[in-house]
Protein chains: 2
Amino acid sequence: MTNTPLTRSEAKDLTRRRLIRAALRILDEEGEAGLTTVKVAKAAGIAQSSFYVHFRDKQDLLRALGDEGGERLRRAMREARRQAREAPTELESHRDTFRIPLEAISRHPELLRLQLRARHDPSSPLRDFALESAKAYRDHHAADLAALGYTADNERDRRRLEMIAEGINAATNALALGHLEGRYPELEEAVDVLVALSRGALRWLRSTQPGS
Amino acid sequence: MTNTPLTRSEAKDLTRRRLIRAALRILDEEGEAGLTTVKVAKAAGIAQSSFYVHFRDKQDLLRALGDEGGERLRRAMREARRQAREAPTELESHRDTFRIPLEAISRHPELLRLQLRARHDPSSPLRDFALESAKAYRDHHAADLAALGYTADNERDRRRLEMIAEGINAATNALALGHLEGRYPELEEAVDVLVALSRGALRWLRSTQPGS
DNA sequence: ATTTTCACCGATAGTACTATCGGTGAAATT
DNA sequence: AATTTCACCGATAGTACTATCGGTGAAAAT
């Protein structure tokens, strides 16, 4: 086992990370109403007052959580792109495009839940994080669809593509959460559904696009 | 103008409805964190302590809000079905199936926002209402899809239909909210997208179904 | 006309949480 | 070795909210 010859700043950083971890867990398990400095500090093993050594106030903690969430999100998206590019066939690449987000959500659903909750809560300090994340997901899916063979070169088509991306994104989230709730045991079936939905949309896009 | 020759019970009922209205507005504008007996009572024009004449406690108010929301929801769905049945052509009926929910959400988005928020908040007393509503929407969309020419007669197909319904439902919500946020000015374009998505799904269902 | 009911009021006890303060000891610096 | 820094502590002031209580006047019942 590792001993603990930590410098003071290392120890402080560790405590800070413990606080963030604890906050994310409490947020997921009890919601924003349950997130108090008392609980977070206790869960991280320090006194409530010591919370303020690491964060100026509760708002500051939530800001840090937003940063942390955004960071994890960007990492996950980079990784998703990398994997999809490595797929052997085009069909597999297409399926990967949908499977990877589904798996990512299933592995760590707490960030999505946090985002969905904060997004519709006008009082949440995490609202900006939620809106940013939503936009990032939307753009990600739009880029995926574009990679599947459709490029928008005018205002109308760009908006259509964005709408389809937003719809597919929402469907992806819904199916992933349904999977977690046990309603859809097979993730592969969810991939089938998403492929089918997107096929319809892409067909429509091509049919209203003159060339190509 | 109307004078006020109200009996005592009429006056009490009026106050109760004022409280519920005020609570829904505050919930939509400030989220659950902002919903306090002080604000609700003040907005309804009575003293904070008088709140308890109408509700046993705050929980009781939220239960009433859930009931109210469920009631409005059922009314809206009945109305939606009625309208879709009256559509002249099949294509129009198909489009109505998607347009009507979009319009309903656009007119009164607060109930959807309330539902989406509560659904992912484990601490929310409205969680049951949210889960019930979500199921109702899912079933509603599944019935719509079935009406568009597909019937499921085994476990696998039923689950597929439900997954498609859930996906379409999520996409509908996302597009309606995007419309309200000003990103998709034309609701008719959202209808186009939903029709396209559903076409893909229905085509897939038919292709994997032997008969019909 | 008299009595009862009850929707509403102001005051307030109780509870939960936020944020600040001075103190402490061990690590870091000198 | 002496001094400084600082992460952490316990105590507590301040704040916001919930829920209860006894009192009041007008409507309803008698």
Side-chain angles (χ1 to χ4, degrees), chain A residues 2-27 29-66 121-126, chain B residues 2-27 29-66 121-126:
Chain A
T2 53
N3 47 359
T4 47
L6 298 172
T7 71
R8 195 136 59 153
S9 77
E10 281 171 337
K12 182 176 184 181
D13 208 63
L14 183 64
T15 305
R16 185 189 157 91
R17 264 179 286 140
R18 272 209 204 97
L19 285 167
I20 289 180
R21 272 185 87 80
L24 277 175
R25 212 207 58 228
I26 292 170
L27 221 38
E29 287 174 7
E30 306 178 40
E32 260 181 60
L35 191 78
T36 69
T37 57
V38 179
K39 281 186 197 162
V40 175
K42 191 171 181 182
I46 61 172
Q48 183 265 342
S49 60
S50 300
F51 172 90
Y52 293 89
V53 171
H54 301 273
F55 302 100
R56 207 150 64 81
D57 51 24
K58 220 171 108 173
Q59 189 94 354
D60 193 31
L61 166 67
L62 288 165
R63 205 184 40 69
L65 288 181
D121 187 347
S123 71
S124 172
L126 286 170
Chain B
T2 54
N3 45 0
T4 48
L6 297 171
T7 71
R8 196 134 62 151
S9 77
E10 282 171 338
K12 182 176 184 181
D13 209 64
L14 184 64
T15 305
R16 187 190 155 91
R17 266 179 281 140
R18 273 207 203 100
L19 284 167
I20 289 180
R21 273 185 86 81
L24 277 175
R25 213 207 56 227
I26 292 170
L27 221 39
E29 287 174 6
E30 307 178 40
E32 261 182 59
L35 191 78
T36 68
T37 56
V38 180
K39 281 186 197 161
V40 175
K42 190 171 182 182
I46 61 172
Q48 184 266 342
S49 60
S50 300
F51 172 90
Y52 294 88
V53 171
H54 301 273
F55 301 100
R56 210 151 61 81
D57 50 23
K58 218 171 107 173
Q59 188 95 355
D60 194 30
L61 167 66
L62 289 165
R63 204 184 40 70
L65 289 180
D121 186 348
S123 72
S124 171
L126 285 170

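Chain identifiers are assigned alphabetically (A, B, ...) following the order of the sequence lines, protein sequences preceding nucleic acid strands; residue numbering begins at 1 within each chain. If you're wondering where the values come from, they're calculated on a predicted model, not measured in any experiment. Quick note: numbers below take in every heavy atom, side chains included, and nothing from hydrogens, waters or symmetry partners.
- One can place CG of A:Asp57 at 15 Å from C1' of D:dT15, the figure rounded to the nearest angstrom.
- Taking atom CG on B:Leu19 and atom P on C:dC8, their separation rounds to 8 Å, with Å as the unit.
- Taking 4.0 angstrom as the limit, A:Ser50 places a side-chain polar atom (N or O) nearer than this to OP1 or OP2 of D:dC9.
- Although no hydrogens or angles enter the test, the distance criterion places a donor-acceptor pair under 3.5 Å between the side chain of B:Ser123 and the main chain of A:Glu30.
- Here the side chain of A:Arg8 is nearest to one of C:dC9, C:dA26, D:dA28, namely C:dA26.
- Phosphate contact (OP1/OP2 of C:dC9, side-chain N/O of B:Ser49, threshold under 4.0 Å): absent.
- A salt bridge (charged side-chain N to carboxylate O under 4.0 Å, His left out) with A:Asp60 is found for one member of A:Arg56, A:Arg63, A:Lys58 and no other, namely A:Arg63.
- The interatomic distance linking B:Asp13 (CG) with C:dA7 (C1') rounds to 13 Å, in whole Å.
- For A:Phe55 and C:dT18, the CZ to C1' distance is 16 Å, given to the nearest whole Å.
- Across the protein-nucleic acid pair, A:Leu35 atom CG and C:dT18 atom P stand 8 Å apart, rounded to whole Å.
- Taking side-chain N and O atoms only, A:Thr15 has a distance below 4.0 Å to OP1 or OP2 of D:dC8.
- Each of A:Val53, A:Thr15, A:Val40 was evaluated against A:Ile46; a single residue qualifies, A:Thr15, per the side-chain contact (heavy atoms from CB on, under 4.5 Å) test.
- Considering every non-hydrogen atom in both A:Ala41 and A:Ala47, the closest pair reads CB-O, 3.6 Å.
- Using a 4.0 Å heavy-atom distance criterion, A:Thr36 is classed as a sugar-phosphate-only contact.
- Residue B:Ala11 is the one, among B:Gln48 and B:Ala11, whose nearest nucleotide of DNA chain C lies closer to the 5' end (criterion: closest heavy atom).
- One can place NZ of A:Lys12 at 8 Å from P of D:dC6, the figure rounded to the nearest angstrom.
- One can place CD of B:Glu30 at 14 Å from C1' of D:dA16, the figure rounded to the nearest angstrom.
- When the nucleotides D:dA7, C:dT18, C:dA7 are ranked by their closest atom to the side chain of A:Lys58, C:dT18 comes out on top.
- Atom pair B:Tyr52:OH and D:dG23:C1' shows a separation of 20 Å (rounding to whole Å applied).
- When every heavy atom of B:Glu29 is checked against every heavy atom of A:Pro122, the shortest pair comes out as O-CG, 3.2 Å.
- In this structure, C:dT5 forms a base pair with D:dA26, meeting either the Watson-Crick or the G-U wobble geometry with both donor-acceptor distances under 3.5 Å.
- The listed nucleotides are D:dA19, C:dA28, C:dT18; the one nearest the side chain of A:Thr7 is C:dA28.
- In this structure, of C:dC8, C:dT18, D:dA7, it is C:dT18 that holds the atom nearest to the side chain of A:Thr37.
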